[in-house]
Trainee: 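My questions will all concern the structure given below.
Counting begins at 1 with the first residue of the sequence. Both ligands and their constituent atoms are indexed starting at 1 by order of listing. Side chains are part of it too, since the values below use all heavy atoms of this structure and drop only hydrogens, waters and symmetry mates.
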Amino acid sequence: MLLRPPGATGGAAEGPRCASILPLRVAGLRYAAGGQKILRGVDFTIAAGLPTLVVGPNGAGKSVLLRLLHGLLVPQAGRVAWAAPPEEARRRQAMVFQRPVMLRRSALANVAYPLALAGLPRTERAARARAALARVGLAHLAERPARRLSGGEQQRLALARAAALAPEVLFLDEPTANLDPAATRAVEAIVRDIAAAGTKVVMTSHDLAQARRLAGDVLFLHRGRVVEHAPAERFFAAPRAPEAAAFLRGELLA
Ligand SMILES: Nc1ncnc2c1ncn2[C@@H]1O[C@H](COP(=O)(O)OP(=O)(O)OP(=O)(O)O)[C@@H](O)[C@H]1O
């Protein structure tokens, strides 16, 4: 069963439930497509805590990495190992894309639909969906067709839809890539709120200022390899990899 706060344990009727699906251990991950080696042997561990920001130049492999972690792509080699059985890990994670796809329904229905799929009783769905909309500042637009919302509003709606499921891990792929500064700030505030409520956020960004604002740790990706994985403060103050230092100076573009 879904929809418990992260870290809560399962009831007797549901059988044993792992306390956490984290840490996530990634080892020897390789992925190629279209004749191109996109990830070339990636190893790291992601633990619970503040957001992990996956940063790196365009084409480094950030989006592909997130899709592999979430199970949307299958690697040619290597492992994505959760601290829970795969099916349980899958149910306790969610992902929001750069351009979220909205159902041709109201904002409220878009949030309620996955709650129905997750088995939440009908009586609880609307209340939970409304609470999720309120949390992202969209309560007043609950009845508006989702596809008529602005880009920033749709991104907030996508975050509400994911957060309503109370995932233990939330993958966000460049959630502010198409947004103006005000909408970006609003999304960042929501990401902070989601993280503060106990969800582990793993997010790609090419915006270093944003990474500084949000990250607990940074995974720096370059040409399909994790060149550096470090606590954010240390990464930004004194990057160890020459490629990371060049990227922070604005010199490394691909
Ligand atoms: N299905 C695919 N077939 C062929 N090449 C692909 C495929 N998916 C991704 N790539 C290539 O893999 C590389 C990494 O793509 P990815 O989208 O992960 O980069 P990124 O780091 O997220 O970049 P950006 O910051 O520009 O979004 C790019 O060169 C991209 O063109």
Trainee: Could you tell me the residue and atom name of the protein heavy atom closest to atom 10 (N) of ligand 1, and the distance to it rounded to 0.1 Å?
Mentor: Ile38 CD1, 3.4 Å
Trainee: Would Arg161 and Asn110 count as having a side-chain donor-acceptor pair, cut-off 3.5 Å?
Mentor: yes
Trainee: Under the criterion side chain to side chain donor-acceptor pair (under 3.5 Å), I'd like the reasoning laid out for Lys200 against Thr52: C-alpha separation, chi angles, the key distance, then a yes or no.
Mentor: CA-CA 8 Å; Lys200 172 70 189 190; Thr52 295; 2.9 Å; yes
Trainee: Please state which protein non-hydrogen atom is closest to atom 27 (O) of ligand 1 and give its distance, to 0.1 Å?
Mentor: Ser63 OG, 4.1 Å
Trainee: Taking side chain as C-beta onward, heavy atoms only, is Arg104 less than 4.5 Å from Pro145?
Mentor: no
Trainee: Looking at ligand 1, is there an atom of it that comes within less than 4.0 Å of some heavy atom belonging to Gly56?
Mentor: no
Trainee: Is the shortest distance from a Lys or Arg side-chain nitrogen in Arg130 or Glu143 to a carboxylate oxygen in the other one below 4.0 Å?
Mentor: yes
Trainee: Answer yes or no for Gln36: is there a heavy-atom contact with ligand 1 below 4.0 Å?
Mentor: yes
Trainee: Among all protein heavy atoms in this structure, tell me which lies nearest to atom 26 (O) of ligand 1, with the distance rounded to 0.1 Å.
Mentor: Asn58 ND2, 2.9 Å
Trainee: Is the His229 ring parallel, tilted or perpendicular to the Phe44 ring (thresholds 30°, 60°)?
Mentor: perpendicular
Trainee: Can a salt bridge be assigned to the pair Asp173 and Arg67 using a cut-off of 4.0 Å between side-chain N and carboxylate O?
Mentor: yes
Trainee: Less than 4.0 Å between a side-chain N and a carboxylate O, is that true for Arg234 and Glu228?
Mentor: yes
Trainee: Looking only at protein heavy atoms, which one is nearest to atom 2 (C) of ligand 1, and what is the separation?
Mentor: Ala33 CB, 3.6 Å
Trainee: Nearest protein heavy-atom contact for atom 13 (C) of ligand 1: which residue, which atom, what distance?
Mentor: Gly59 O, 3.7 Å
Trainee: Any idea which protein heavy atom is nearest atom 25 (O) of ligand 1, and the distance to it?
Mentor: Lys62 NZ, 2.8 Å
Trainee: Atom 15 (O) of ligand 1: which protein heavy atom is closest, and how many Å away?
Mentor: Val64 CG2, 4.1 Å
